[in-house]
Structures are given as C-alpha cells and as structure tokens.
Protein chains: 2
Amino acid sequence: MSSAKYERVLSIQSHVAYGYVGGKAAVFPLQLLGYDVDVVNTVNFSNHAGYRQAGGTKATAADLSDMFTIMKKNGFLRPTRLLTGYVPGAEGLTSVAKLSEDLYGENPGLVYLLDPVIGDAGRLYVAADVIPVYRSMLPRATIITPNWFEVEVLTNVKIVDHISLHKAISILHKIYQVPHVIISSIPIKKWLYDLLPRHIRPSEAADNEEDVASYLLCVASSRVTDGSYPASVSAACVPIIPGYFSGVGDLFSALVLGHYNPSSSSTAPESLSRAASLALTKTHAILQLTYEYSESLPPEDRQPTDEELDAQDPTRRIRRMSGRELRLVQGQDILRGAAALPVRELRIWDGFWNGYSPVSEQLDPQ
Amino acid sequence: MSSAKYERVLSIQSHVAYGYVGGKAAVFPLQLLGYDVDVVNTVNFSNHAGYRQAGGTKATAADLSDMFTIMKKNGFLRPTRLLTGYVPGAEGLTSVAKLSEDLYGENPGLVYLLDPVIGDAGRLYVAADVIPVYRSMLPRATIITPNWFEVEVLTNVKIVDHISLHKAISILHKIYQVPHVIISSIPIKKWLYDLLPRHIRPSEAADNEEDVASYLLCVASSRVTDGSYPASVSAACVPIIPGYFSGVGDLFSALVLGHYNPSSSSTAPESLSRAASLALTKTHAILQLTYEYSESLPPEDRQPTDEELDAQDPTRRIRRMSGRELRLVQGQDILRGAAALPVRELRIWDGFWNGYSPVSEQLDPQ
C-alpha cells in the first residue's frame, strides 16, 4: 500500500478467542501491511466449529445494525476498503448488504472484497436463505473469493467441463457485474488439467496427470467490457500441503484485499493478478510454516484424520487441529513482505475462452 | 521473548470496532512481539465511551463462564501469560477471578498482569461492588498496573505524602501479596517532587518545580521478602504529551507483560524495571507519533478540549478524539523494537523507604 494515501479497512467477520480463522486470520496480516482495521465481530466464539465443541455468542441482525448506526453517527464509517466474511443468518447478512450499499453510496471508489461464505466440497455451511442475499450483494463487490463449490451455488451452474466453466465465470462478470473473481484451491481434475496451457501446468508434473493431483489451481478473472470475451483470466498451480488447515481462505482474502491496487483502472487485470500472486505466495509460505510446525509435534498430535479413532478419543481431533492453527505470528516476516520469497506468479491463460459462446450466459431458473 | 520457549497470552478485555483501546491496543503489540494471543472480548462496542455515542453488546457473566468452560474442555486454557483489563460488572469480574484461580492451579508459573480498571483522577468508571472483587484478585497477580487513583481505592489510602505513599505500596505488597506494582503517569506534585532523588528528576527541569509539571512519573515496585523494606523501587520521569489520548494504559500494560522476563526470580526487581523501561519507551514513542499526526490534521480537528463548543457541535469532540487514536499500525516498527530508540530507563530509587515504619501497614476499615 502507498504510504501517501490514507487507507482504512472495515472487516466484518467471525471472531474466535483461540486460533486463527475469520478476523483472527485477516486483521493481523492487514495491520502488518499498514492498514488501520476497524473490526466488527459477527460472532464471538471460543474456537472454530471444526473442533466440534465450540460456543459463544452471535451478533443478531439488530446488533449489527445498531453497531453500524452508531459508527455512522460518529463518522466512523469511512473505510477505503471493505472486507466481509462469515455472517450468521440471512437477516444479519442483509444488514451487511445494506451497509455495503450505504458505503458505496458515500464512496463509489470503495474497494469491496466479498468472500461469500456458503460451503465447501458439496456441503452448505449456511442456511439456504443466505444464498439469494449473497447473490444480491455481488453487484456491489469489487473482488469476490468464492471456492469452486460457492461459484457453482452462486451461478447455479455445475462445473464439469470448459463450457460450464465459461458459463459460470461469465455469469459472475456479466449477470452479477463482478469486476474481479478469484477462485483459489481448485482440485485439478482431468478435464481441467487438459485445458491448462503448458506454462501454467506445474513444471514438475509436466504431462503426468497423476502428479497433478498434488497441486491446486488458483484462477483470477477480471471483467473486460470492451473485448470479445467476458474476462481476462490468469492462473497458477501451487503444491498441496498435506492435512487440513482452517482459516486459509480468510487469510488469502485479506491478503488479496491488502495487496490490490485500484489506482489504475486500465491495468485492472494486472492489478488483480499481482494481488493474487502475492496473496498466494504468502498464504502458501504460512501454510508451509504451519505444516512444518505440526510435523514437529509429538506423534499423537499429528496423526492423519481418522474419524473412528477420533470418536474413541475426542481430544485426539482437537490436538490434531490445534497443531495446525496458522502460524501467523511466527510468520509475520512473511506477511509483512520482509522475508525474501520467490513470487508464485499467476500467468495469463490466453486460450481460456477457446470455444466460448455468449449464448451460454443466460441464467437457469434458480 | 525467547524464541525457544513457547509463550501464549490469554487477553481478556474490551473490544471496540473503531479505534485503539482495550484489546485493540494490546493484542497487536503482543503479536508483534511474537506472542500467540487468545482474545476474549468482554464487550463488543462500536468505539470507546469517550466519544459519548457508543454502543454494542456486553458479555454477561454466563457468557464469559461458558466461553472459559468450552476452552477448558478443548484444552485451550493453557496460556503462559494472562492479561486482564476492563470487565463489565462484579459478576463478570468474578468469572474472570475464578478463571485466574483455575489457571494458577494448573500452572503456578503463570505470569498474570492484572490491570484493575476502576477509575481515574478521583472518578470511578465502575460500580463500587467491583472494587472488593479486584481486591480479592490481587494475590493471584504477578504484576498490577493501577493508576494513582486506583492505588488509593484498592488500598483505601489517600496518598498525600511519603508516609501514605509508603503505606499504600506496602499494603499492596504485604497485605495483598502482589510481587510487582507499576504505577505510570503520576502527576508530580510538590511533595512528590521533593522526594525524588536528583538522578530520577527530569534533567531539563533540574530544581525548578514548575517545569516539573510538564512531566509524569512512572514508579515500579518489586516486593522484597528478605530485606528490611517491603520492596525495591525504581522510577523515571517522562515528558507529558499535550492532549488526551485513550488506550495508553492498555498499550502500556500489554508491553509490560510482553517484555517481562520471569525466568530469573533472583533478579525480579531488575526484570520488572527492564520491562517497565521498554514499555515506557515504546508507549511514549507511540504517543509522540500520535501527537504529531493529530497536529498535522486540519485546525478544526485539533482544537483543545472545550466542553462548551463541543456541546454546540457534537462532532467536534468526535473529530478531536478520533485524530488522537493511537498510531499503533503506523508505529509497528517502534512496537516490534525495530526502530532505534534511546531507552527511558527506570532507575533505582534508593532512599524511597527513608522514614518507613512497618506500623503503618495495617489496613484501615474499608
């Protein structure tokens, strides 16, 4: 971020006392990057739900509205950037949607990163009535960071080939008017691998499809309004780090927002791609650090997931997950950019729209 | 902090969305110093109460107890250090008191910094029934950071001369068994100035009493159990920075806890004095940075306090205070220790106990 320009992020997401998800994964990295961050907690929980035993309080829609009203009265609703993540329930999310409209009304230059927290891998985290609220919010977003499943839910397109992939991405840009879409952590199935140009495929994997299963794909797509295709697409492959880690998406989204430079609209695709590259680089380095730490723990704290053993000994799961809490504090040099890291550059995916037909863009009934 | 030893802070205090008081003033500095921080929010407010319009929710005693119960079940209540600040109401504070007993039972080496948030300058911030709860908590604390008024309230001693000062300090160490007491930001009245040895007096002020009014005194007192006096006392004077700033005590307490090294009990007074010196140095540098920023604002945002003008234009007060929110993010190099700063050393106050009589230690009826 430029030291000359005043920048302030309003972050609206979950809070946990223990561990690093939601705001705990996002606020510290943004502060390290130099942003003042205003922090509205949508829940106050002991820890993330993956630990099974979790408790605390949720902000009601009225709690959120009251908070925004007082902040507005005091003149404290003047962020240059907005970051929204998990909000419990459709009513609460509607309060946040209204806020995003108000903020945009006061400052059309607002950079809004919306992370639509809906679910993952075929499973909804939220009640179904939240989905249309997210859809209504998309036109206000500058950048969205859905996962693969969330793209499918938002667009109502099951992505199984390049035609459905074109359709989903173009719906986000053309129907929902989203300037920038980043989908990270995409498992690389055969059809997707076959689409990848050689310069985006992982170099170690070359043409071997099985080796590719140890990589994830990150795709960044920026709307193009004056071209024959809906968007300019970039991508990169990153090695999968074994095990399950929580808060990774929250960290990634915060870093994308922190590194995005909106100053030049003509270079928008490059600006998004650059932000995604830096976010990917730092997130992967933090995951690597976390993985190495978890591997240094006593064997009983780092066994692979095994639901049956977990059922016999509930603390086993807790110890395993606890050993995989993100090492943000220990990796602060990475986040700040003080550690020298080779940047994992997203590269232009030239032939992405090969075979594209605008006819496919119409919304199916939802 | 040593990178070899695992250190984790549990911070229990207020949260504000906008600005830097309570946890917002404490957590980021501790993270910068390398601590994992578990963050329990006792209130979730829009901003601090000094802005007049403030709102949000308070954690009830049951909310806090439930949070601690789940964290305990998950094995997440194993901090090496505990930091407690503002807790609303005697019942909630009793939950925190019980937690501190539990943590001490599990780990007698726990370093507990208790900031007894009671009031300032003759005015109580809290209901009177909170005071006996704080008194009951004192024997579990490693370090307490009351202000002058809070020392008077806790000990029930009005401090007007060296005899009453001896009495108050010795009551904290001998009756309440507190190892370490730090009182910062003490206005230097004539009798106190007369007590100060030359090497602690501000050098610029020399013997001129009026110049001393532009300084504050910081006193650190460590219990001595094998000497003829109750404690070893160190002190330093720091220049007053004009204007009112919020969250300064919360920042100072966090830095004292972060810099305190409990590893050598025989050097305890030196360890406290060192932590206080570093905390004082960094807090003063952040205040200086904040002051310079507030002076750079347009004139209408930096007028001196004037209650009458504020009443005519309520936003005036808000703008003035907002311009004086601590510049923690911008001063992160200071907090991390990366900025080269001359340390404001607390120095041994040799004659502090001159005229001391142990008879004075008995508690007055309260």
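Protein chains get the first letters and strands the later ones, always in sequence-line order, with residue 1 at the start of each.
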What distance do Asn74(B) atom CG and Met321(A) atom CE have between them, rounded to the nearest 0.5 Å?
10.5 Å

Nearest 0.5 Å, what's the CE-CD distance between Met71(B) and Gln53(A)?
13.0 Å

Just so I understand: if I count every heavy-atom pair under 4.5 Å between each of Ile318(B), Thr69(B), Val40(B) and chain A, which residue has the most?
Ile318(B)

Tell me which of these, Asn44(B), Leu10(B), Val16(B), has more heavy-atom pairs under 4.5 Å with chain A than the rest.
Asn44(B)

Set of residues satisfying ring-ring contact (aromatic ring centres under 6.0 Å, His included) with respect to Phe76(B), sequence neighbours excluded
Tyr18(A), Tyr51(A)

Flag side-chain contact, heavy atom, 4.5 Å: [X] against [Y]:
{"X": "Ile70(A)", "Y": "Asn47(B)", "result": "yes"}
{"X": "Asp36(B)", "Y": "Arg327(A)", "result": "yes"}
{"X": "His15(B)", "Y": "His15(A)", "result": "no"}
{"X": "Gln332(A)", "Y": "Gln332(B)", "result": "no"}

Please look at [X] and chain B and tell me whether the side chain, the backbone, both or neither of the residue comes under 4.5 angstrom of a heavy atom of that chain.
{"X": "Ser11(A)", "value": "neither"}
{"X": "Asp66(A)", "value": "neither"}
{"X": "Phe45(A)", "value": "backbone"}
{"X": "Ala54(A)", "value": "backbone"}
{"X": "Val27(A)", "value": "neither"}
{"X": "Thr57(A)", "value": "side chain"}

Checking heavy-atom separations under 4.5 Å from chain A, one finds in residues 96-104 of chain B none

Is the [atom1] atom of [X] crowded by more than 12 outside heavy atoms at less than 6.0 Å?
{"X": "Arg336(A)", "atom1": "CZ", "result": "yes"}
{"X": "Glu91(A)", "atom1": "CD", "result": "no"}
{"X": "Arg140(B)", "atom1": "CZ", "result": "yes"}

Closest contact, heavy atoms only, Lys24(B) versus Asp38(A)
NZ-CA, 4.4 Å

Heavy-atom closest pair (Met67(B) atom, Ser46(A) atom, distance to 0.1 Å) is SD-CA, 3.3 Å

Chain B contacts, top residue of Asp63(A), Leu32(A), Leu328(A), Leu64(A) (heavy-atom pairs, under 4.5 Å):
Leu32(A)

Specify which of Leu30(A), Thr315(A), Asn41(A) makes the most heavy-atom pairs with chain B at under 4.5 Å.
Asn41(A)

